[in-house]
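Just so you know, these numbers come straight off a predicted model, no measurement behind them. Just so it is clear: chains get the letters A, B, ... in the order the sequence lines come, proteins before strands, and each one is counted from 1. In what follows, every heavy atom counts, from backbone to side chain, and hydrogens, waters and symmetry copies are set aside.
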There are 2 protein chains.
Amino acid sequence: MELIKIYACLCDLTRLRLLNVLAQGPVCVCHFQEILQEPQVKISKHLAYLRQRGLVRAERQGNWVIYALAPKPSRELKANLACLQDCARENPVFKRDAARLKKIEPSCAWVRAGELEKAPGQYRCGC
Amino acid sequence: MELIKIYACLCDLTRLRLLNVLAQGPVCVCHFQEILQEPQVKISKHLAYLRQRGLVRAERQGNWVIYALAPKPSRELKANLACLQDCARENPVFKRDAARLKKIEPSCAWVRAGELEKAPGQYRCGC
DNA sequence: GATTCGTATGCTTATTAAGGCATACGAATT
DNA sequence: AATTCGTATGCCTTAATAAGCATACGAATC
């Protein structure tokens, strides 16, 4: 069932952080490393987990891979992501991630990738 | 983290069904068996899971044990339970459970138990 | 006090998942 | 074509979980 799949994706802190960052727009893996301060394997595996379950899309851009939220989220997914955003607002962990994202943003060229253009938000990567 | 715990509770169909029924008010285990059409062990174990994590409270009433939603839910829990209710509205599984609950309701004496009185809704048990 | 009823728990098995290390991959660079 | 860079994956270990069977428990009844 769609709902179970969604909740399974949400019941890990790393994935929660990834999704919460992605809510601001597409991000590449290298930036996730900086923002979450977690090893590359860990991030890559959790992104794969989310990708395999359709919550997230990936697109290669040269050497980098840019991740974005799924373009056509189900009603359930949309509702739960909104709920997560709401709950994350006051949480120190998510707030810290958001701060690091803001810090990285200016030092990073904006990238426009064909496929991902349909996704919400702006492109933050270019490394 | 509170959020992770909540999502871990929500990522199982049986628990989702239990919580969705409990949103209508306290219910005893025997009625859960009728409503979910699942074996007693399964229901009892998932209720224990929810109880150990504080989403749910239990109170003995003679031979029966009546379960209810936690009396003082956190902001996160409240938000997610509301989201679940919203998502469950259109789902055939949850709708079927709700129908079975309605069917049982009239044939069942209303019980007032001391502790649980603080919980939302009405008591459905008495078997 | 023995039995019955409703519920909970211990045990076992199978599945899933998380984390880390090493390594493989594709694209760009040299 | 060899190397480098960013990312993904295979393998391993460990831990958590689900499900079912058998059994234990507490309260009521006989």
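Here dA8(C) is the nucleotide among dT7(D), dA8(C), dT9(D) with the atom lying nearest to any side-chain atom of Val29(B). Considering only the side chain of Asn63(A), dA28(C) comes nearest among dG26(D), dA18(D), dA28(C). Closest to the side chain of Arg60(A), out of dT9(D), dC21(D), dA27(C), is dA27(C). Across dG26(D), dA8(D), dA18(C), the shortest atom-to-atom separation from the side chain of Ser44(A) is found for dA8(D). Between dA8(D), dT9(C), dA18(D), one nucleotide has an atom nearer to the side chain of Val41(B) than all others, and that is dT9(C). Taking only side-chain atoms of Trp64(B), from C-beta outward, the nucleotide of dT9(C), dT7(C), dA18(C) with the closest atom is dT7(C). Each of dT7(D), dG26(D), dA18(C) was ranked by its minimum atom distance to the side chain of Cys28(A); first place goes to dT7(D).
Proximity of Leu81(B) to Leu77(B): side-chain heavy atoms (C-beta onward) are separated by under 4.5 Å at one or more points. Contact check for Lys78(A) versus Arg75(A): no side-chain heavy atoms found under the 4.5 Å cut-off. Side-chain contact check for Arg100(B) versus His31(B): every heavy-atom pair is 4.5 Å or farther apart.
In this structure, the NZ atom of Lys42(A) is 18 Å from the P atom of dT7(D), given to the nearest Å. For the pair Glu34(A) CD and dG6(D) P, the computed distance is 11 Å after rounding to whole Å. Ile4(A) has its CD1 atom 14 Å from the C1' atom of dT17(D), to the nearest Å. His31(B) places its NE2 atom 12 Å from the C1' atom of dG6(C), with the value rounded to the nearest Å. Whole-Å rounding puts the Lys5(A) NZ to dT16(C) C1' distance at 17 Å. Separating the OH atom of Tyr49(A) from the P atom of dA8(D) is a distance of 17 Å, rounded to the nearest angstrom. We find that CD of Gln61(A) is positioned 16 Å from C1' of dC5(D), with the value rounded to whole Å. In this structure, Gln40(A) places its CD atom 15 Å from P of dT23(C), rounding to the nearest Å.
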Determine whether Leu3(B) and Leu13(A) satisfy the following criterion, side chain to side chain contact (heavy atoms under 4.5 Å, CB included), listing intermediate values before the conclusion. CA-CA 9 Å; Leu3(B) 260 185; Leu13(A) 180 56; over 6 Å; no

Apply the test side chain to side chain contact (heavy atoms under 4.5 Å, CB included) to residues Asp12(A) and Tyr49(A): give CA-CA distance (whole Å), side-chain angles for both, the deciding distance (0.1 Å), then the verdict. CA-CA 11 Å; Asp12(A) 176 276; Tyr49(A) 187 106; over 6 Å; no

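Side-chain N/O atoms of Tyr67(B) include none lying less than 4.0 angstrom from OP1 or OP2 on dG6(C). Within the structure, every side-chain polar atom (N or O) of His46(B) is placed at least 4.0 Å from both OP1 and OP2 of dT17(D). Using a 4.0 Å cut-off, no side-chain N or O of Arg53(B) falls inside it from OP1 or OP2 of dA16(D).
Mapped onto DNA chain D by nearest heavy atom, Arg15(B) and Arg51(A) fall at different nucleotides, with Arg51(A) at the one closer to the 5' end. If Ile43(B) and Gly62(A) are placed on DNA chain C by their nearest nucleotide, the residue sitting closer to the 5' end is Ile43(B).
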